[in-house]
K.L.:
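What follows is a structure written as C-alpha cells; I'll ask about it next.
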Number of protein chains: 2
Amino acid sequence: MAGFVSHFTNRLDAKGRVSIPAPFRAVLARDGFDGLYCIASAHCAAVDAGGNDLLAEINKRSEAFAKLSPDHDALAVALFGASENPRIDGDGRMTISDMIRDHTGLADQVTFVGMNYKFQIWEPEKFREYRAEAQRRALAMLSGQVPAPSQGEPA
Amino acid sequence: MAGFVSHFTNRLDAKGRVSIPAPFRAVLARDGFDGLYCIASAHCAAVDAGGNDLLAEINKRSEAFAKLSPDHDALAVALFGASENPRIDGDGRMTISDMIRDHTGLADQVTFVGMNYKFQIWEPEKFREYRAEAQRRALAMLSGQVPAPSQGEPA
DNA sequence: TGGGTATCTATGGGATACCATGGGATTTCA
DNA sequence: TGAAATCCCATGGTATCCCATAGATACCCA
C-alpha cells in the first residue's frame with residue numbers, strides 16, 4: 001500500500017496551526033499511531049514526521065546500545081530529546097511547536113513532503129532549494145558517476 | 001506507543017516544587033508506577049526518572065550478580081542507595097530533594113528531557129552543553145563510524 | 001449532458017479546558 | 001511545638017474543542 005507521496009503547501013494560521021494534507025492523514029489513520037511522531041532531521045532544516053513506521057526506525061537505532069550506558073544515553077537525548085508527539089485536532093490540524101519553527105525556520109507557510117514511510121515538514125523556499133540540489137545528486141547517482149551510499153544512511 | 005519525548009523547562013517554586021510536564025505525566029499514568037522512580041546518573045550530572053520500565057532496567061543490572069555476593073551487594077548499594085521514590089501531588093508536581101539538587105546543581109529552573117523509556121532531570125545550562133555533545137556523538141555513532149571515545153564527558 | 005446538490009478540504013474564530021504556577025491552610029513527624 | 005511536607009484553591013496564559021465558511025470536487029438525476 002502506498003505511503004506518503006507528493007507534496008503540499010498549507011498556510012499557518014494566527015494560532016500556529018496548519019492543516020495536515022488530507023492524503024497524509026489517510027495514511028496516518030491506517031498506521032494507527034496516536035497523533036503524530038516528529039523528530040528534527042540531523043542533517044537538514046526539516047522535521048521528519050510519521051507514525052509507527054518512523055518510530056520503529058528511530059527505536060532501531062538506539063537498540064544497538066545497552067540501556068543506561070553513556071552511549072545509549074547520548075543517543076537517546078539526541079533522538080528522543082529532539083522528538084515531539086503533537087496531537088491532531090478534529091479538523092486534521094497540528095500545532096507547530098517552537099522546536100519545529102526554530103529548526104525549519106518556517107514563518108507563514110508549511111510544505112509537507114511525502115517520503116513513503118514518513119514525510120517532512122519544510123519552509124517552502126528552503127524546500128525548493130533542497131529539492132533542486134537533491135535532483136542534481138539523484139541525476140549524478142543514476143548516471144553512475146557517484147557510487148550509491150552504503151545502507152544505514154541517516155534519514 | 002511513544003514514551004517520554006521532547007524536552008521542557010519548568011520553574012522551581014519557593015517550596016522546592018516543580019511541575020512534571022503533562023505529556024510525561026500521561027506516560028507515567030500509562031505505566032502505572034506509583035509516584036516516580038529517580039536515580040542519580042552514574043556518568044553525568046543528571047537524574048534518571050521514570051516508572052516501571054526504568055526500574056526494570058535497574059533490576060536487570062543487579063541481577064547479573066548472584067544475590068548475597070559481595071558484587072551484588074556493592075552494586076545494590078550503589079544503585080538503590082542513589083535512588084528515590086518521590087510522590088507526585090494532585091497538581092502534577094514533585095518536590096526536588098537534596099540528592100537531586102546536589103547531583104544536578106539545579107537552582108531555580110529544571111529541564112526535563114525525554115529519552116523514551118525514561119526521562120532525565122537537568123540544570124538547564126548543563127543540559128544545553130550535554131546536548132550539543134550528545135548530538136555530535138550521535139552523528140558519529142549513526143554514520144556507522146566507531147564513536148569517538150567519550151573523553152572529557154561532562155561530570 | 002448539464003444543472004444542481006452534496007461532500008470534502010483548508011481556513012478562520014469564539015468558547016472552553018488544561019497546564020504551570022503561586023500561595024494559603026492543614027497535616028505529619030521529629 | 002516547630003519545621004517541613006501535603007492538600008487545596010485561585011489565576012493567567014495557552015492549547016484544544018467546536019462550529020462556521022468558502023472553494024473545489026464528486027455525485028446524481030432528469
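Reminder, nothing fancy here: chain letters follow the sequence lines and each chain counts from 1.
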K.L.:
What are the atom names and distances for every N/O pair under 3.5 Å that joins the protein to nucleotides 16-18 of chain D?
P.N.:
{"residue": "D/dT16", "atom": "OP2", "partner": "A/Thr95", "partner atom": "OG1", "Å": "3.3"}
{"residue": "D/dT16", "atom": "O4", "partner": "A/Lys15", "partner atom": "NZ", "Å": "3.4"}
{"residue": "D/dC17", "atom": "N4", "partner": "A/Arg17", "partner atom": "NH1", "Å": "3.3"}
{"residue": "D/dC18", "atom": "N4", "partner": "A/Asp91", "partner atom": "OD2", "Å": "3.3"}

K.L.:
Suppose clustering is done on Ile, Leu, Val, Met, Phe, Trp and Tyr with side-chain heavy atoms closer than 4.5 Å. Which residues sit in the same group as A/Phe4?
P.N.:
A/Phe8, A/Leu12, A/Val18, A/Ile20, A/Phe24, A/Val27, A/Leu28, A/Leu36, A/Val47, A/Ile88, A/Met94, A/Ile96, A/Met99, A/Ile100, A/Leu106, A/Val110, A/Phe112, A/Phe119, A/Ile121

K.L.:
If you take any heavy atom closer than 4.0 Å to DNA chain C, which residues from residues 20-37 of chain B end up in contact?
P.N.:
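By residue number: B/Ile20, B/Pro21, B/Ala22, B/Arg25.
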
K.L.:
Contact between B/Arg137 and A/Pro70 at the side-chain level, heavy atoms closer than 4.5 Å - yes or no?
P.N.:
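Yes. Closest side-chain heavy atoms under 4.5 Å.
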
K.L.:
Begin with the C-alpha distance, continue with both residues' side-chain angles, and end with the deciding distance and a verdict on side-chain hydrogen bond (donor to acceptor under 3.5 Å, both in side chains) for A/Asp34 and A/Asn85.
P.N.:
CA-CA 9 Å; A/Asp34 181 38; A/Asn85 210 337; over 6 Å; no

K.L.:
Sequence neighbours excluded, which residues qualify as side chain to side chain donor-acceptor pair (under 3.5 Å) partners of A/Glu63?
P.N.:
none

K.L.:
So does A/Asp53 pair up with A/Lys118, basic N to acidic O under 4.0 Å?
P.N.:
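A/Lys118 and A/Asp53: not salt-bridged.
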
K.L.:
Can you sort out the partners of B/Tyr37 under ring pair (Phe, Tyr, Trp, His ring centres under 6.0 Å), two or more places apart, ordered by chain and number?
P.N.:
none

K.L.:
Could you state the interatomic distance from CD1 (A/Ile58) to CG (B/Asn116), rounded to the nearest 0.5 Å?
P.N.:
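It comes to 10.0 Å.
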
K.L.:
Please collect all side chain to side chain donor-acceptor pair (under 3.5 Å) contacts where either partner lies in residues 19-33 of chain B, sequence neighbours excluded, each pair once.
P.N.:
B/Asp31-B/Asn52

K.L.:
What is the 5' to 3' range of DNA chain C, first to last nucleotide, that sits under 4.0 Å from any heavy atom of chain A?
P.N.:
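Extent of the interface on DNA chain C: C/dT9 to C/dA15.
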
K.L.:
Can you measure B/Asp13 atom CG to D/dA5 atom P for me and round it to whole angstrom units?
P.N.:
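Roughly 12 Å, once rounded to whole Å.
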
K.L.:
Restricting to side chain to side chain donor-acceptor pair (under 3.5 Å), what partner residues turn up for A/Thr95, sequence neighbours left out?
P.N.:
none

K.L.:
Among A/Gln135, A/Arg131, A/Arg136, which residue satisfies the side-chain hydrogen bond (donor to acceptor under 3.5 Å, both in side chains) criterion with A/Glu133?
P.N.:
A/Arg136

K.L.:
Give the cluster check for B/Phe33 versus B/Ile39: same hydrophobic cluster or not, with ILVMFWY residues linked at side-chain heavy-atom distances below 4.5 Å.
P.N.:
yes

K.L.:
Only counting residues at least two apart or in another chain, list the ones meeting ring pair (Phe, Tyr, Trp, His ring centres under 6.0 Å) with A/His7.
P.N.:
A/Phe127

K.L.:
Who pairs with B/Ser97 by side chain to side chain donor-acceptor pair (under 3.5 Å), at least two apart in sequence or on another chain?
P.N.:
B/Glu84

K.L.:
So if I take the C1' atoms of five pairs at each end of the helix from C/dT1-D/dA30 to C/dA30-D/dT1 and get each local axis, what angle do the two axes make, rounded to 10 degrees?
P.N.:
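That helix gives 50° between its end axes.
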
K.L.:
Do you reckon A/Val5 sits in the same ILVMFWY cluster as A/Tyr117, going by side-chain contacts under 4.5 Å, direct or chained?
P.N.:
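Different hydrophobic clusters.
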
K.L.:
Does any residue of residues 106-117 of chain B have a heavy atom under 4.0 Å from DNA chain D, and if so, which ones, in number order?
P.N.:
none

K.L.:
Does B/Lys60 pair with B/Glu57 as a salt bridge, N-O distance under 4.0 Å?
P.N.:
yes

